Amino acid sequence: MTAVVGKTTKGRQALRMLAGAAVGAVATIAFLEAVGKPSLKSGDFGTLLALSAGLIYALMGLFVGLGAMAPRQGARFLNVEDAEEIHEQRPSLGSSAIACILIGAFLLLLALAPAGQDADRGVWAGAAGACLLGAAAITLATRRRGDELMRQVGLEASSLTLHVTLAVLSVWALLAQLRFVEWLTPLGLISGLSLLYLAAIFWVTARKGMMKAR
Amino acid sequence: MENRVKQWREARGLSQGALARRLGVTRQTVNAVETAKYDPSLPLALRMAKLFGVAVDSLFIDHWTPEEEEE
């Protein structure tokens, strides 16, 4: 009986991951076809990284937001026990979703913004700045809303991100100083950091058994 | 850390959600503590013990014993 339940749970987990990956891949291709390709400069690693990071954050925020708005449906694709748990977590899920969407929008705007002396630079800067300020305001306003486990996850993920960043940037600095590679662009740096932090969050939550289907 | 939170919760007829609400934490926190993936803070451990009416050291099991100091 336990084995059957275990198999079902693992199957559900695998299905969720596959569905998430498929939706992510389709959305990325559709986005690149629609707006990304014309703005992409070939070989621009920073822009590619910003597009990927922006899409990941925006899609993640969108899914969590949809789940928070429709708890019964959300319980099927978010890792919760039931719809009631989403109801209990609605305020924090909602604010996290909005913050993720704003971070994603910030990165996407930076990636797609025209370089050079474009007359619309002020508009792009204003829009990206508004997204950044919004995400920062939500993060500050809700920092005490999470419980101690979430605070601990945040602390451990931040620490892990810092250590990995130091290691990566040290090697990169060494190679760049010796002219083996180009130094990072600001866009590449902020996008890389955003992705590293996200990966650290997933790593820490997985180690605490929070990724297991319940 | 090895603990008896699940046993005490079930003995009190509480679900994870009900216990989480009474402690002011999320269900995920209760679940992570019960599965020994997360050691709660001292205030939360004290609150759990108070809620179940037991001593903290009968809720959280620590196998450490102090070494005898040599004269």
Side-chain angles (χ1 to χ4, degrees), chain A residues 2 5-6 9-10 12-13 16 64 67-68 71-72 74-75 77-97 142-160 200-214, chain B residues 1-70:
Chain A
T2 314
V5 172
T9 313
K10 275 185 183 165
R12 259 177 59 199
Q13 195 174 8
R16 275 179 189 163
V64 174
R72 274 206 301 176
F77 58 84
L78 295 177
N79 192 19
V80 289
E81 221 173 329
D82 49 35
E84 186 59 31
E85 190 174 352
I86 294 184
H87 270 295
E88 291 166 9
Q89 296 296 307
R90 218 176 198 174
S92 61
L93 283 177
S95 50
S96 300
T142 57
R143 71 189 188 282
R144 294 198 189 280
R145 200 180 281 167
D147 73 343
E148 64 173 60
L149 176 62
M150 291 322 294
R151 280 195 292 274
Q152 186 63 29
V153 167
L155 279 174
E156 286 179 32
S158 304
S159 164
L160 183 60
I201 291 266
F202 278 110
W203 174 260
V204 174
T205 49
R207 287 203 59 178
K208 294 199 184 301
M210 293 160 71
M211 301 278 275
K212 279 187 187 157
R214 291 157 62 200
Chain B
M1 175 179 267
E2 188 185 334
N3 67 77
R4 306 266 181 271
V5 174
K6 190 178 179 190
Q7 288 91 319
W8 280 106
R9 173 178 63 77
E10 287 174 348
R12 294 285 184 269
L14 292 168
S15 65
Q16 281 189 346
L19 177 61
R21 273 193 298 279
R22 293 187 71 174
L23 292 167
V25 295
T26 60
R27 277 195 222 187
Q28 275 194 323
T29 300
V30 171
N31 188 58
V33 172
E34 285 186 357
T35 50
K37 298 281 186 190
Y38 170 66
D39 294 334
S41 65
L42 184 58
L44 182 56
L46 287 168
R47 260 183 272 159
M48 284 178 164
K50 206 180 276 182
L51 196 76
F52 295 136
V54 296
V56 174
D57 61 359
S58 59
L59 200 53
F60 294 94
I61 319 300
D62 182 21
H63 298 290
W64 180 80
T65 46
E67 277 176 30
E68 291 288 321
E69 250 184 64
E70 283 176 33

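The shown structure was predicted, so the numbers you read here are calculated from the model rather than taken from an experiment. In what follows, chains carry the letters A, B, and so on, assigned in the order in which the sequence lines appear, proteins first and then strands, with residues in each chain numbered from 1.
Of the atoms belonging to Glu148(A), heavy atoms from both backbone and side chain fall under 4.5 Å from chain B. For chain A, the nearby parts of Pro40(B) are the backbone and the side chain; heavy atoms of each come within less than 4.5 Å. Within the 4.5 angstrom heavy-atom criterion, atoms from both the backbone and the side chain of Glu84(A) approach chain B. In this structure, the portions of Thr26(B) lying under 4.5 Å from any heavy atom of chain A include both its backbone and its side chain.
Atom CZ of Arg47(B) is separated from atom CG of Leu42(B) by 10.5 Å, given to the nearest 0.5 angstrom.
Crowding of Arg12(B) atom CZ: a count of heavy atoms from other residues, nucleotides or ligands under 6.0 Å exceeding 12. The number of heavy atoms from other shown groups lying within 6.0 Å of CZ (Arg151(A)) is above 12.
A 4.5 Å side-chain heavy-atom check between Phe60(B) and Met48(B) finds at least one atom pair inside the cut-off.
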